[in-house]
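Read the structure below first, then the notes.
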Amino acid sequence: MGSATLAGIDATQHTPQANAPELNSDEILRYARHLLLPDVGLDGQRRLKGSRVLLIGAGGLGSPTSLYLAAAGVGTIGLVDFDVVDASNLQRQIVHGTSTLGHRKVDSARDRLRDLNPHVHVETYDAPFRATNAEEIARDYDVIVDGTDNFGTRYLTNDVSVLLGKPNVYGSIFRFEGQASVFATADGPCYRCLFPVPPPPGMVPSCAEGGVLGVLPGLIGTIQATETIKLLLGLGTSLAGRLLLVNTLDMQFRTVKVQKDPACPACGTRTITHLEEYEEYCGIPGTEPHVTIEAPLHPDEITPVELAEKLKRHDDFDLIDVREPQELAIASIPGARLIPLGSFQAAIPSLNPEREIVVMCRSGARSGQAVAALERAGFKRARNLVGGILRWSDDVDPTVVKY
Amino acid sequence: MPITVNLPTILSKLADGARVVEADASAAPTVGAVVDHLVDRYPGLGPRLRDDGGQPYPFVTFYLNDDDIRFNGGFAAAVQDGDEVTIVPAIAGG
């Protein structure tokens, strides 16, 4: 069993069997159902105990993945996340709870995992995963699990996996659909072979904008946990070289091939020899504008307080809301015309470049893109509502719900 | 020459909510012709499926049956009656 190879990976290269730790009597009882499995058994369970898995992100995907890996007895679990537990997380991030609202996510998850399985050692990194720290954090792990929520960190996670020669267990979700694969195995393709270049900011909405079915990360995250355990134990056939597409609306599971691209700069030509910052790819949630009152305003920005004064004075201007219709039902500012960002470019000809225009959204990120589009189209009097509805609720009208 | 196209939900709203669309490629039996047919029917899909030069984006992968067309001639990849085209956009949620 120990020599089983899957898609060119020899699991023994990641977890030296020779050093696999012994199980004590508590652990033997706890893992009884694994020990009875012919393909796991005592050897496999000891190998899991000697394994080290790094989870990038302790959110929707990281929740089920970390819970199942801890329950399964993976000896060391690393958690990277710089966020705090927010009420809007709990619809899907099941490693956290109401009692840990406001706590650091890595602390909240560590406490839950320790309660689930005190035999597991949890290492936490309460920091953004960046080019400057990625190699140092990832170096001592056997498998890396990509549970991030933005393109920048996904490309970084891929590149560090390729550079360090560690499998990258990938999962990604959007609304009702998910993707899973295993990248960066010895002979397998990587994320850049599948998607060579990330989309420009704004082309693909984030979860915060697009919404996500709460149970979907449960489906995809448990697939990531399954693939991780298979890699650690050298069991079965991994998703390396295949992309699993999950559509929950039709409940269809489909796999397509992921070919290794000889021209891939990461795993093909290996022209990527060191990590770089990827933030410019996309607004990274958490670093997105939490603009404070003190932040200096650009001429094309307006604060919620200023906007409230303009509305009160009945100034002559157009207020445009670039959120989605379903967001309007949650919270709104009276008098705004809805043009979702996805159809904004097409709607620009219907707007008057001579008039003053204020554009708004939830946080100010999407409306910033819309104002930039207006400026490119020659509009001189377009302004972005900084902080969006969130800051409107803080500074002007607390009855407007934050979401 | 009916070809089945599987659209991700993010794009289906631009195709009147359809997640599976039949496309005709009689004019030219290529994936590109299937995309042309699709865009004729649902113009809103155009800028989401191809760039200004009419080529596929590097962040939207087209599969002809199980294979990435990038390695099989791109939009020039030949299609046959009964083939399936699956469109897979990069998504980043977690």
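Residue numbers start from 1 in every chain, and the chains themselves are labelled A, B, ... in the order their sequence lines are given, proteins ahead of strands.
- Within residues 244-256 of chain A, the residues having any heavy atom under 4.5 Å from a heavy atom of chain B are, by residue number, A/Leu245, A/Asn247, A/Leu249, A/Asp250, A/Arg254, A/Thr255, A/Val256.
- Between the side chain of A/Gln179 and the backbone N or O of B/Pro89, at least one donor-acceptor pair lies under 3.5 Å.
- To the nearest 0.5 Å, atom CD of residue A/Glu324 and atom NZ of residue B/Lys13 are 5.0 Å apart.
- Scanning both residues, A/Pro198 and B/Phe59, for their nearest heavy atoms gives O-CD2, 3.6 Å.
- Using a 4.5 Å cut-off between heavy atoms, A/Pro217 makes no contact with chain B at all.
- Contacts of B/Asn65 with chain A are made by backbone atoms alone, with heavy-atom separations under 4.5 Å and no side-chain atom involved.
- Residue pairs that meet the salt bridge (Lys or Arg N to Asp or Glu O under 4.0 Å) test with at least one member in residues 32-46 of chain B, sequence neighbours left out, are B/Asp36-B/Arg50.
- Rounding to the nearest 0.5 Å places OG1 of B/Thr9 at 7.5 Å from CZ of A/Arg175.
- In this structure, the separation between CD1 on B/Ile10 and CZ on A/Phe176 is 13.0 Å, given to the nearest 0.5 Å.
- A 4.5 Å side-chain heavy-atom check between B/Arg70 and A/Pro196 finds at least one atom pair inside the cut-off.
- Interface summary for chain B: among A/Gln345, A/Arg242, A/Gln93, A/Gln259, the most heavy-atom pairs under 4.5 angstrom belong to A/Gln259.
- Contact between A/Tyr191 and B/Ala90 at its shortest, heavy atoms only, is OH-CB, 4.5 Å.
- Counting all heavy atoms, side chain and backbone alike, B/Val88 lies closest to A/Leu243 at CG1-CD2, 3.9 Å.
- Side chain of A/Arg154 to backbone of B/Gly93: a donor-acceptor contact under 3.5 angstrom is found.
- A/Lys257 and B/Asp67 are joined by a salt bridge, as a carboxylate oxygen and a charged side-chain nitrogen come within less than 4.0 angstrom of each other.
- Remark: A/Ile173 CD1 to B/Ile91 CD1 distance equals 8.0 Å, nearest 0.5 Å.
- Taking every heavy atom of both residues into account, B/Phe71 and A/Cys193 meet most closely at CZ-O, 4.4 Å.
- Contacts of A/Asp146 with chain B are absent, with no heavy-atom separation under 4.5 Å from either backbone or side chain.
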